[in-house]
Amino acid sequence: MADDANSSTDTIIEKPSEEKPTEVKPAEVKRAWADEVDDPDEEEQPTSSTSAEKDPELNIGSLKIDENKNTEKFLDEPEEGNIKAVTGDTLYSTAVTFEDLNLSEEILKGLYVDMKFTRPSKIQSVSLPMILTPPYKDLIAQAHNGSGKTTCFVLGMLSRVDVKLRAPQALCICPTRELAIQNIEVLNKMGKYTGITSFCAIPVDRARDIPINKRSPITDQIVVGTPGTIKKWMSVKKLSVDDMKILVFDEADHMLAEDGFKDDSLRIMKDIEKSTPHCQVLLFSATFNETVKNFVSRVVKDGNQMFVRKEELSLDVVKQYKVNCPDEYAKIHVIKDKIFELGEKLGQSIIFVHTRRSADVLHKALSDYGWQCTSIHGAIEKDHRDKIVKEFKDGLTQVLISTDLLARGFDQSQVNVVVNYDLPVKYEYQSEPDYEVYLHRCGRAGRFGRKGAVFNLLCTQKEHMLMGKIENHFQNNIVEISDWQNNNEFESALKAAGLI
DNA sequence: AAAAAAG
């Protein structure tokens, strides 16, 4: 990463007349998310003269907002540490309010009334002007888990499509069915008053599937789905890309990784390029390792880029612990006696496991002890997967066992405990931890700056070694719980995490 | 020695 790349905003280019350009200010101050409202720095950052002319109440460049505005959401919001904006020759204004973005009345209504949003988060205020301002440059955006990336690309898609044109104009590609469903739900809620319609292109159980040749072409403006199904719809010409204006990759590092969906993603990108000269490409993720960062920077050459340093990516508000477990039995008992008994009344928990089989085994073991929980992985019937997720999101279940199916993107604000029953490892080198997946798993807790705790259950020498590498990688100290049977240790852990 | 998607 070019560390000096954050100062390239000196050239002003022609902007639409009603826009008042101000400098993109890469946040350089390190701070914990939850400190945001108490942080005196917030109010003392220099104000740019252009924004002062525009509205004396509005202090663009800092995060101060009109005091008449409801700042409730503001209090909850995570603060982005160290974003670097490489803006090339285009100057963008950061948005302090959603009104600053020239969003339509209909979209604003969806944001305020249905989403109950009051003000853009940091990533939103920086990236949305880049997305919505001509010449609609491509964008690679990295921001913390739970900081509101989905809103960025959903608003981008909603704003850029023409509701009068009954043809697909925006496409969002996700790594799992669950994420596609979640994104389309956000989209539909935010776009409720726009008249824009959407289509979810994901695999369904065969019993419910309508043969594709019997289906009519998609006329919805926005399509959200998984790579295989999108490719299938495109190949039979039921998904036209002729009018495509904006292409989004959610969890983009995984979508463009060698061992992820690279081939599918590039195929789709090229097919769109062939039939539409100017389709804006947006890549969003909380993680971009060096390899994939280099690759995506080549794929999306002339776009805007914002990255976060890896040491600042680990969420401070989500406290991480390592639990010494002498054997597998101890791991199960930690979950049974500590996570269930202490954690249950605190909210919801997700337990991550390495394989489908261990998900089944753990689920059965806990059920045999009489504990209610559910489990999800890719070998489960799709209708049932949807049901498990819905029950969990509706708060009907408290503990969900999952493979890495839900490691990325899954957004359930009530989750404040994550358990790594085993640590994620790289496929090629199983002695190397998968740092990105680790971070994504942790990110299931502490959504939008909320408190959370992660318990890593360690048994073998290898697991301790993996843990050490993770601590070293993110340069953070993970507190040890030495006695897995000690209630006091768990209680003080939960207390330190702010959960009790 | 994997997960997911999809075939």
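Here is how names work: the chains are called A, B, and so on, in the same order as the sequence lines, proteins then strands, and each is numbered from 1.
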Trainee: If the condition is side-chain contact (heavy atoms from CB on, under 4.5 Å), which residues does T276(A) pass it with, not counting sequence neighbours?
Mentor: M244(A), I272(A), C279(A)

Trainee: Which atom pairs, one a donor and one an acceptor, fall under 3.5 Å between side chains of residues 392-399 of chain A and the rest of the protein, sequence neighbours left out?
Mentor:
from, atom 1, to, atom 2, distance (Å)
K393(A), NZ, Q182(A), OE1, 2.7
D394(A), OD2, K390(A), NZ, 2.6

Trainee: Taking only residues two or more places apart in sequence or in another chain, which ones pass side-chain contact (heavy atoms from CB on, under 4.5 Å) with R166(A)?
Mentor: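 Here the qualifying residues are T197(A), T219(A), Q221(A).
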
Trainee: Going 5' to 3' along nucleotides 1-7 of chain B, which nucleotides have protein heavy atoms under 4.0 Å from the base (write B), which only from the sugar-phosphate (write S), and which from neither (write -)?
Mentor: BBBBSSS

Trainee: Does anything in residues 151-161 of chain A form a side chain to side chain donor-acceptor pair (under 3.5 Å)? List the pairs, not counting sequence neighbours.
Mentor: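 Listed once each, the pairs are R160(A)-Q280(A).
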
Trainee: Do any side-chain atoms of residues 208-217 of chain A form donor-acceptor pairs under 3.5 angstrom with protein atoms, and if so which ones, sequence neighbours left out?
Mentor:
from, atom 1, to, atom 2, distance (Å)
R208(A), NE, D383(A), OD1, 3.2
R208(A), NE, D383(A), OD2, 3.2
R208(A), NH2, D383(A), OD1, 2.9

